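Take a look at the structure below.
The structure displayed is predicted, hence computed values, not measured ones. Just so you know, residue 1 is the first one in the sequence shown, and it goes up from there.
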Amino acid sequence: MYEDINLQHQTNTYIEQKDQIEVIDNTEEIEFKQLNYDQALSQVGSSGYYQKRAFVIFGLQWMITTWILFGPVFYFIQPTINCKNDLNCYNECSTRILDEQCLSYICEDTSRIEFLVGNSLNTAFNTVLPCNKTLQSIIKSIVYFGSLTGFFIFSFIADNYGRKLALTLSWTITTIGSITLASAQNFQMITSAMFLLGFGGNPAITVHYSFINEHSQGHFRELQNVGLQVFFAIGEFTIITLAYYVTDWRSLAIIATIPIILLNFANLFILESPLFLYSKNKSQCVQTLNQIAKINSTKSIDIDELITNPKSKEKNQKMYTAWDLVRYKSIRYIFIACVMMFFGIQLIYYGISFVSDQLGMNFFTSNYIIALFELTAYLVTDFLVTKLKRKKNIILGFILVGFMSQYFLIQFDNSLFIIMQGILAGLMRFIICVIWALAFVYVSELFPSVIRSLALLLISAGGSIGSIVQTFLNTLCQQYQVHPMVVFGIIGMLCGLLLLPLKETLNQGLIENIEEEEKIMNIKYQQSIETEESGGVDQMNNVNEEREFLIIKTKNINTEKKD
């Protein structure tokens, strides 16, 4: 009797094991029908109200950050001369412009500061800052030193702790810097404030690209990436206009502080990147996607609908650092070439603005012309970005800028030549802006998702080095009587040629993982499948053996009963 009960129990166990195998098979069929991340994002909306609202917030932050990055150009406007019937002053400052001869005269006696007219930082705190050109160059470039440092810090935060945290912290620091600048009482406070402004502001707007690339899709994503540059150009127009009417540097700093403070509250309407969460925590990713769905008035998704990310970091919290951008052969040269690309872009871009007072035209007129060409460039690129090849047009643009810059080797003192200089500077700005807009899209498409923010920020850091170098290069070129535009153009051309080995990314899908890691993951994944399959075969073999054993045993029992 007990043997019959035991036999029945073993038979039931076999049936349960068979059912489990069938359930596994059915589960595989269900997972096959689930949504991947791109499909889930499409369902909740990748170009809806949420994305448009975020784009406007990002655009406003870009516009205000323009005031930060171009601040040194307008906070340090050269003063004019009013000799107040002093004959010696008239003899030394005959042009009423603070040229080298006049500057030497003023610097001989600090009491002659009374002849200077203007409320820029050049004459703040009862000091003639142009008398110390090295200190002046350092203070002018300190905002870019801050940017360089901030890119390293916030790139790590963005890729390992979240895009939202990086954006919130960086903009908070920007706010502290703006308040410090508006209330500064000496050049030490000015230097600290400008460092903080660059440290927070520039990384903040670069993180925007990670948000856009990860919560938007298709052509709408590309249009947003370039559309941010349009806001940047609008910001340039506004800072030029403000500086024209608001001549006091402190008043200008106070005006800039107000929107910076207000935009901290706008960050509350930005959600964490769902793609970042997808690599960290599936449930949080689904929760964020459903928040987007609610804002977009679209269909939400269940957590079981979204397939588990096969490359999920839930069990392996890998943190990426700058070392990862050079340790892997598949992205090492790409990273170096992109750093040099941004170095050349920002060297030329900011260099054009910083030498605008050397173009022979009125300072504000020159800057308005340059800004007009810049705005036109971004508007044109915004319409054509979905069609323009990235690599080819970036290289061609650098070459054109390099050839145009050679015009500044020629020097003539006539109005036609001066006008032509202004137009060429505008055209160079037009081309470099098209290059820059394409470069941000290009970099976003070249690097895998797991290190995209890190790459964008560190490559932008390379660009900040170009921003810093141009201030010192400008001073050096003046000493050797070479127009800085000539040098800027040649360096840019050389940087462009470094892109020749890179691939084209137009109409190509975004890469999710680093190539070497992808191969390792695929090998491990294949091994796990083989292990599961071999385990499944062994399990079936064991079940079959048990089944045969039970059948034989049953026959023996029946035989014994007959006997």
Side-chain ([X]) to main-chain ([Y]) donor-acceptor, under 3.5 angstrom:
X	Y	answer
T174	G201	yes
R112	I106	no
K164	S273	no
Q421	F417	no
Q185	S183	yes
R163	I157	no

Could you tell me whether R53 sits above the aromatic face of F269, with NZ or CZ closer than 6.0 angstrom to the six-membered ring centre and within 45 degrees of the axis?
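Verdict for F269: no cation-pi partner in R53.
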Does a side chain donor of either [X] or [Y] reach within less than 3.5 Å of an acceptor in the other side chain?
X	Y	result
Q51	H215	no
Y349	Q470	no
S216	Q224	yes
T471	Y144	no
E236	N367	no
Y105	E92	no

Verify whether the ring centers belonging to [X] and [Y] lie closer than 6.0 Å.
X	Y	result
F232	Y378	no
W62	Y209	yes
F70	Y75	no
F156	F151	no
F195	F145	no

Please walk me through it: do E445 and R390 pass salt bridge (Lys or Arg N to Asp or Glu O under 4.0 Å)?
CA-CA 10 Å; E445 295 170 345; R390 286 53 162 135; 3.0 Å; yes
Under the criterion side-chain hydrogen bond (donor to acceptor under 3.5 Å, both in side chains), I'd like the reasoning laid out for S444 against N213: C-alpha separation, chi angles, the key distance, then a yes or no.
CA-CA 7 Å; S444 298; N213 287 324; 2.9 Å; yes
[X] versus [Y]: any side-chain heavy-atom pair under 4.5 Å?
X	Y	result
T381	Q229	no
I205	L228	no
N393	Y442	no
M340	F335	no
L197	N202	no
I431	M404	yes

Can you measure from [atom1] ([X]) to [atom2] ([Y]) and round to the nearest 0.5 angstrom?
X	Y	atom1	atom2	value
I234	M63	CD1	CE	7.5 Å
I173	W171	CD1	CH2	12.5 Å
F354	T475	CZ	OG1	10.5 Å

Enumerate, atom names and distances included, each donor-acceptor pair closer than 3.5 Å involving a side-chain atom of residues 78-85, sequence neighbours excluded.
unit_1: N82; atom_1: OD1; unit_2: K84; atom_2: N; d: 3.3
unit_1: K84; atom_1: NZ; unit_2: E114; atom_2: O; d: 3.2

Set of residues satisfying ring-ring contact (aromatic ring centres under 6.0 Å, His included) with respect to F231, sequence neighbours excluded
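Applying ring-ring contact (aromatic ring centres under 6.0 Å, His included) to F231 gives F55.
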Please lay out, stage by stage, how Y350 and L69 fare under the test side chain to side chain contact (heavy atoms under 4.5 Å, CB included).
CA-CA 9 Å; Y350 289 105; L69 298 177; 3.1 Å; yes
Above 12 or not: heavy atoms from other molecules or residues under 6.0 Å from OH of Y161?
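Counting neighbours around OH of Y161, 12 or fewer heavy atoms of other residues, nucleotides or ligands fall under 6.0 Å, so no.
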What class does the angle between the rings of F237 and Y368 fall in, given that below 30° is parallel, 30 to 60° is tilted and above 60° is perpendicular?
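Plane angle between 30° and 60°, so tilted.
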When you check the gap from the basic side-chain N to the acidic O, do R429 and E374 get nearer than 4.0 Å?
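Looking at E374 together with R429, the answer is yes, because their closest N to O distance falls below 4.0 Å.
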